[in-house]
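The block underneath contains the structure these notes are about, expressed in structure tokens.
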Amino acid sequence: MVTQVKKANKLSSASLIGQMMTASFADIKRQAAEGKKVVWANGLPVYVLARAADMPVLHAEGLIAGLAAKRLEKPFQDAAEAFGLLPDTCSYARSFIGAARITRGDYRLDPSMNQDLLLMPRPSLYVNSAGGCGTGRPWGEAMATLFNVPVYHFEPRFLWHESDLKDSVADFVRQEQEFISLLERITGKPYDWDRLKELLVEVKRAVTLRNEAMKLCQHIPSPASFFDWATNIAAVAHLIGLPGTGDLLQKTKDEVEQRIAKGVGAVANEKYRLYWDGILTWGKIGVLANKFAAMDACVVAGAYTHLVWWPRPELIDPEKPLESIAYNCCDVVLLRSYEHRIKVLSDFCREYSIDGLVVSETQTCRAFNSHAFMIMDGLARKLGIPAVTIGGDSCDIRFYSDAQVDTRLQALLETIEARRKVRHI
Amino acid sequence: MPRSKINDIMDRFREIVDKPYEKLKQWKEANKKKIVGCSPMHFPEEMIHAAGMLPVVLQETDETITTGFSYLYPFFCGITRNLIDIGVKGQLSFLDGLIYADICVQNRTAASILRQNLPAIHVEFAQLPSSFTRKGVMENTVKELDRIKASLEKLAGRKIDDKSLKQSIAVYNKNRSLLRRLHDLHKANLRLLPYRDIQVIVQSSMLMPKEEHTELLEKLLAEMEGIKPPSAKGNKLFLSGHLCQSPKADILDLIEGVGGIVVDDDLYTGYRYYAVDAEMNGSPVEALAKRHLEKSLPVPTRTGLPMRWEKYLVERVKACRAQGAVVLLVKFCEPHLFYYPFIKDALAEAGIPHIMVETEHEVVSLEGVRTRLQAFIEMLK
């Protein structure tokens, strides 16, 4: 008898993201060819400020995750390693520096490669807003040195005390003002505040729809999975503020609602509901989605999808654009203390009926791994929810092992099963 | 000088460097004073000293990491893992306070994990601005130093007034000036002390009461300045890297054992620690802020400095006429990882041969490093 392999029931609207991303890269190149000054950026979407100044933005994580998901990132990593960057360096940063080396012409691509896909227009400005990851500083400095362009480093404070948020937001607003002055100097034009407000209207619509749709996954069975939301990050990161993102997320939400009405889940026979902490191995997103589905496990929420990109949509007020952006860049999970993280995670576990926690190691990202074991331990103590770590990395496939993921996931699900039996005794 | 006197003083220094936390615990019991540990690089110890407490710069120990693995993955740098490990094992429990300065995400992680797991210790996190070209950076630095000052006052149970802070700055400046004298003396007489001993002297300065260290160092310098050591034979090398912790003595011995002579460095437990003084004029908090902002040597954890690290390094190597550079890169030290390609290219462009040695908390294979270093020295010949 042939065993039917169960596959993840992906949201069909997610496939539109790929098309929008491809179109956006083409658009950046077109605008650069027309003489517009391009911004390269990493981290949180404060770069939406540059969009209001009519500067096209190439977002590191958007570009690299997109290519990695299609397993096309290797030329960038080869270029970076030929430059002398060791594989222990953040793979987002390493790949983006590789992209810079290729763009500069320091590393020749094999003629058989898709040159158009891998060659980017040179930047006139670099923006680092790594949101709590110190890696952004030397990364931004490296990029600015390679291209001999100005760099602006956004520095949100680590929220050592809960009360630090207000001060951090006020300081971040001052940084935004300073950044806008820099944009005015580079473009030679006064900043377009009306355009920024218009963009924030679109941003609010998009992120609110996304958050509402994600919350609908509290439903059992969950109508979508973490892997759908991971694909969908692009709509609120690289594509943020661009036309069509709100419509795309409206379609996503509609699809999620329709699934709930029909009783359709992201996983055909949902038996386990999991939470994902950490980034995921982009090159394995499809494999992982199917692997979990095959084991009747649905990852219904995650830190990278739910707590990083515009985590405070309710605080977006287009009439107060700088404060709106500041709150959403200062209140991200990586800037929060362990106590706060465990509280938020506990709330998620209750709201989303979580049975287990999957911690993705993300080998080259120390920021996301900072409290991994304490979170696993803390959650077990507080709610009795078991956890497991799985190896991998955001964009370097070499750190991923299928066999290890299989074994560990199996162990997690067996633990959940055993706990259920104990409860029924 | 009678060698025995030098040896006696060196033994005093070595005693604390070999077993820093045991010795500090004993010191605390004997002196009944509070001790505050500081993370390496950016926090001004003077402030703790002015509060009547003993500041110590946290040092990596050789202890094998065991319990620490329950808190952190192995792909964090050695000092981060080591301090968490010995912290959760109770070896830092004698500390009254711990101050971490925002250097990198690993450092921050250590601060957070230790705060959570060592509730009896007052743990602070100093967020001194890292982008030096920002508007209002001086005001922000002063504001943060004032905040930490208030926190230390609470811990110490006494005020830190300007007068006591200035006195502490003077104590630290004096110690730094003596370390610079040692630096010059070493450059002039390369066989006076093995390089591992220079490291021991700097590390002990981070661990002992400054006044005591200064007294011993003055005696040591007075004795050494009269010595005429044999002329140095070997290949002159510049040591770069290790931004937070001292290189293992085994590595330093290997470098000298294969025919290298360390003529100068930009290590944290070397020139970086004592290169720059704080001013004695005006507000002492501002003087400390200025030392951080305006006098900082190029470092990969800060941005907007007047010169990038690789350019500074080439200048330093040229100035000391080293024949080559040894770049000691702590495994998983991300700030250094990002700069290494630029350092490699800058050294090559300046015609300075270099070798990069990746170092780890767990010394895996010294023989492999020996072979590479031997080949490098052969190449220099």
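Computed over heavy atoms, backbone and side chain alike; hydrogens, waters and symmetry mates excluded. This one's a predicted model, so the numbers in the text were calculated from it and none came from an experiment. A, B, ... follow the sequence lines: proteins, then strands. Residue 1 opens every chain.
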## Note on the structure
Minimal heavy-atom distance between B:I79 and B:L58, with the atoms involved, is CD1-O, 4.1 Å

### Query
Minimum heavy-atom separation for B:F125 to B:I148, with atom names?
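B:F125 and B:I148 have their closest heavy atoms at O-CD1, 4.2 Å.
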
With a 4.5 angstrom heavy-atom cut-off, which part of [X] approaches chain B: side chain, backbone, both or neither?
{"X": "A:D377", "value": "neither"}
{"X": "A:E141", "value": "both"}
{"X": "A:L334", "value": "backbone"}
{"X": "A:T362", "value": "backbone"}
{"X": "A:A367", "value": "both"}

### Message
I need the residue from A:G134, A:A144, A:A93, A:A142 with the largest number of non-hydrogen atom pairs under 4.5 Å to chain B.
### Response
A:A142

### Task
Report the option among B:P300, B:S112, B:P74 that has the most heavy-atom pairs separated by less than 4.5 Å from atoms of chain A.
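Among the listed options, the one with the most contacts to chain A is B:S112.
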
### Query
In terms of heavy-atom pairs under 4.5 Å with chain A, which of B:K344, B:R308, B:K135, B:K331 leads?
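The option with the most such pairs is B:R308.
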
### Query
Aromatic ring centroids of B:H354 and B:F238 under 6.0 Å?
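No: the rings miss the under 6.0 Å criterion.
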
#### Entry: Proximity of B:F69 and B:F76 rings by center, below 6.0 Å
no

### Query
Are B:E139 and A:R174 close enough, and set up right, to give a salt bridge (charged side-chain N to carboxylate O under 4.0 Å, His left out), and what steps lead you there?
CA-CA 13 Å; B:E139 293 92 301; A:R174 287 193 287 275; over 6 Å; no

### Query
Under 30°, 30 to 60°, or over 60°: which ring-plane class applies to B:H336 and B:W309, parallel, tilted or perpendicular?
tilted

